[in-house]
2 protein chains.
Amino acid sequence: MVTRKEVAELAGVSEATVSRVFNGLGPMKPATKERVLEAAKQLNYHPNAIAQSFARRRSGNLGVVLPYMPKVHLFSAFYFSEILSGIGEQVREQGYDMLLSLLTPDESLDYTRLYRSQKVDACVILGSRDTPQQRESLMQLQAQGLPFCLVNQSFEGLSFHEVDADHVEGSYRAVRHLQEEGYRKIAFLNGSPQYSNSGDRLQGYMKAMSEAGLEVPPELLLEGNYSRKSGYEAASGLWEHRDQVEAVFAANDRMAIGLMQGLRERGWIAGRDFAIIGCDDSDAAKLSDPPLSSINVPFYEMGKEAARSVLAGLLHGGGTKDTRIKLPTSLVVRQSSRAVIINDS
Amino acid sequence: MVTRKEVAELAGVSEATVSRVFNGLGPMKPATKERVLEAAKQLNYHPNAIAQSFARRRSGNLGVVLPYMPKVHLFSAFYFSEILSGIGEQVREQGYDMLLSLLTPDESLDYTRLYRSQKVDACVILGSRDTPQQRESLMQLQAQGLPFCLVNQSFEGLSFHEVDADHVEGSYRAVRHLQEEGYRKIAFLNGSPQYSNSGDRLQGYMKAMSEAGLEVPPELLLEGNYSRKSGYEAASGLWEHRDQVEAVFAANDRMAIGLMQGLRERGWIAGRDFAIIGCDDSDAAKLSDPPLSSINVPFYEMGKEAARSVLAGLLHGGGTKDTRIKLPTSLVVRQSSRAVIINDS
DNA sequence: TTGTAGGCGTTATCAG
DNA sequence: CTGATAACGCCTACAA
């Protein structure tokens with residue numbers, strides 16, 4: 001590998017000058033700069049990023065933490081893929097790189113380890129849940145002043161730097177939409193309560209129901225774990241109370257689709273016998289039959305914003321305020337929620 | 001940050017000894033080792049990975065290259081997600097980290113840049129296509145002896161280190177299965193020819209057809225670009241020749257589902273009016289209605305194997321043979337390919 | 001505007 | 001078994 005030294009020699013300048021040229025620092029004679037660049041090109045010199053990191057005492061890497069649970073599909077790949085793309089875009093704009101960490105959630109979760117090795121300057125944490133271990137780990141990070149940003153999750157009573165979507169509003173609108181289509185008996189299939197989103201969505205659902213003066217008997221409240229399978233399994237419970245249900249709002253697309261599958265087996269077809277709206281507006285929503293109405297969540301933008309703000313915090317001397325940013329959602333109406341027949345006996 | 005020096009002082013040994021302890025090198029008195037570890041724990045010392053990389057002249061990072069094309073969904077997120085998980089698993093086993101690079105395929109694709117900065121020791125390249133630029137870039141990498149491994153792609157006439165699935169065999173079996181179910185008029189919806197998989201699948205399809213003594217009139221050969229939309233659009237062409245089609249083999253699940261959607265709009269229901277088999281066995285196959293029969297491709301294992309072999313090459317002095325590894329596929333039969341009615345008029 | 005020189009935290013080589 | 005001591009490639013005051 002060709003080093004700065006060789007470039008300096010060829011250009012007839014000092015090594016420091018080569019550095020200045022490559023970092024655009026200080027005033028310098030254009031001729032000098034020219035010579036250096038020429039020499040560098042000739043030798044095919046490229047700064048050694050590791051050495052730079054070493055000298056600057058920062059890695060230039062943004063850590064991205066993903067939950068790793070093979071064979072368990074609580075999250076859709078779509079979700080992470082979008083967020084990762086957003087992070088990736090931002091990171092490139094700022095000259096950073098992305099270091100991916102797949103962490104098994106149940107292993108003694110120690111986020112500080114990521115920073116100790118100095119391989120990352122900050123982290124974006126995806127897919128975290130509200131468990132005692134995670135709270136502990138995150139509080140520890142915060143106490144040590146290590147910069148991080150949570151995406152799509154918040155912790156009751158704690159204040160972290162986080163980027164979220166407005167799930168309360170999104171859910172509210174979804175349920176409102178169903179009401180406007182004429183449905184009154186609207187069930188809610190929520191996901192695991194460990195995700196703050198679940199609470200948000202419940203809140204939005206309840207708000208819309210109560211504003212419309214609608215009762216919410218317990219049979220209308222179902223719970224899955226965000227997997228397709230859990231939605232599929234929820235079908236049997238819902239089926240028992242089918243005379244009390246005209247529509248469903250599900251906390252994600254996968255559960256919605258699973259539920260549709262379960263009900264279809266019983267002869268209940270979404271968009272015909274009942275309406276349903278999912279959440280995430282993932283590609284699965286377009287693949288399902290009928291196409292699934294869904295709440296669009298700007299995952300890409302959330303990833304991008306998370307990366308942007310956590311990296312911005314690095315520049316401003318780690319003075320990251322623990323702010324919560326909420327991005328807006330929107331409703332995408334497809335066939336699954338169109339009123340065809342309203343069995344409002 | 002606490003450094004080796006401080007540990008050495010506290011333990012009353014030299015810095016070199018501290019390093020030896022942490023690297024498990026050379027024989028040493030247990031008592032010494034004990035003291036060092038004790039001191040390290042007390043000070044909460046952890047080696048600085050950047051400094052180590054610098055001194056060792058290797059980053060300890062495996063680069064993972066993903067094609068980045070926002071809004072264009074030629075690949076399913078499932079695909080990358082599985083491969084990434086496999087890579088992630090292997091990488092952790094070997095104490096490496098994963099550095100993610102999202103590269104826009106049409107930008108002047110220069111893979112060598114990744115290595116020049118020394119931020120990665122080797123790369124796994126996903127989603128590459130057979131274009132002149134990519135050939136050029138890869139040949140350049142190879143010429144410079146930079147270690148890399150391609151996943152799910154090969155280049156006619158060039159020999160790279162690559163991990164692939166046996167798509168010829170998989171396609172062959174899918175078509176054979178359709179034949180065994182009694183179908184004779186079997187169409188093939190392929191993806192873009194820039195992906196070597198497409199050629200492989202065509203080969204498998206043709207083999208099965210010719211072995212069964214079946215003609216393949218041109219109307220049976222359709223081409224999409226692996227997106228759902230392209231499958232959806234292929235429906236119209238297929239519909240025109242519907243009297244010549246009883247079944248379809250599609251080169252991926254997304255196109256298969258798009259095609260099913262397009263045909264459903266015309267009243268043709270998969271699993272009833274025609275049979276269809278997709279490829280990838282992605283989660284979408286389970287979400288679709290009817291559930292889609294599909295060729296299972298071991299993406300996870302492919303990612304893992306790619307990481308394993310490319311990292312192994314690093315140890316053995318870069319003596320990576322440019323081998324092609326092919327992992328086996330298998331057929332997963334779901335409702336979309338079950339013979340219900342055979343309209344074999 | 002440019003050069004000098006110390007330092008970053010390890011690894012690795014050589015003595016002892 | 002352990003301790004010095006050069007690298008490693010670059011950054012950055014500080015000096016000129």
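Keep in mind it's a predicted model, so treat the numbers as computed, not measured. So that the names make sense, note that chain A is the first sequence line, chain B the second, and so on, each numbered from 1.
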List, with names and distances, any nitrogen or oxygen atoms from the protein found under 3.5 Å away from nitrogen or oxygen atoms belonging to nucleotides 13-16 of chain D.
none

Extract all donor-acceptor atom pairs below 3.5 Å that involve side chains of residues 83-91 of chain B and protein atoms in other chains or at least two apart in sequence.
from, atom 1, to, atom 2, distance (Å)
Ser85(B), OG, Ser81(B), O, 2.9
Glu89(B), OE1, Tyr68(A), OH, 3.3
Gln90(B), NE2, Gln94(B), OE1, 2.7

Along DNA chain C (nearest heavy atom to each residue), the more 5'-positioned of Leu25(B) and Arg4(A) =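 Closer to the 5' end of DNA chain C: Arg4(A).
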Across the strands shown, which category fits Val18(A) at heavy-atom distances under 4.0 angstrom: base, sugar-phosphate, nothing?
-> nothing
For Thr17(B), answer base if it contacts any base atom (sugar-phosphate contacts may also be present), sugar-phosphate if it contacts only those atoms, and nothing otherwise; contact means non-hydrogen atoms under 4.0 Å.
->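 Touches sugar-phosphate only.
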Spacing of CZ belonging to Arg135(A) relative to CZ belonging to Arg129(A), to within rounding of 0.5 Å |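 The distance works out to 13.0 Å.
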Mind checking side-chain hydrogen bond (donor to acceptor under 3.5 Å, both in side chains) for Arg35(A) and listing every partner two or more places apart, or none if nothing turns up?
-> none
Listed by chain and number, what are the side-chain hydrogen bond (donor to acceptor under 3.5 Å, both in side chains) partners of Glu162(A), not counting sequence neighbours?
->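 Glu162(A): side-chain hydrogen bond (donor to acceptor under 3.5 Å, both in side chains) contacts with Arg324(A).
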Listed in order of residue number, which residues of residues 28-41 of chain B have a non-hydrogen atom at under 4.0 Å from DNA chain D?
->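 The answer is Met28(B), Lys29(B), Thr32(B).
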Using a heavy-atom distance cut-off of less than 4.0 Å, which residues of residues 44-53 of chain A contact DNA chain D?
->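 Nucleic-acid contacts, sorted: Tyr45(A), Pro47(A), Asn48(A), Ala51(A), Gln52(A).
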Face-to-face stacking of Phe54(A) with dC8(D), centres under 5.5 angstrom, angle under 30° =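 Not stacked by the 5.5 Å and 30° rule.
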Regarding the side chain of Ser19(B), the nearest nucleotide among dT10(C), dG3(D), dC8(D) is dT10(C)
Phe148(B)/Tyr111(B) aromatic ring centres below 6.0 Å | no
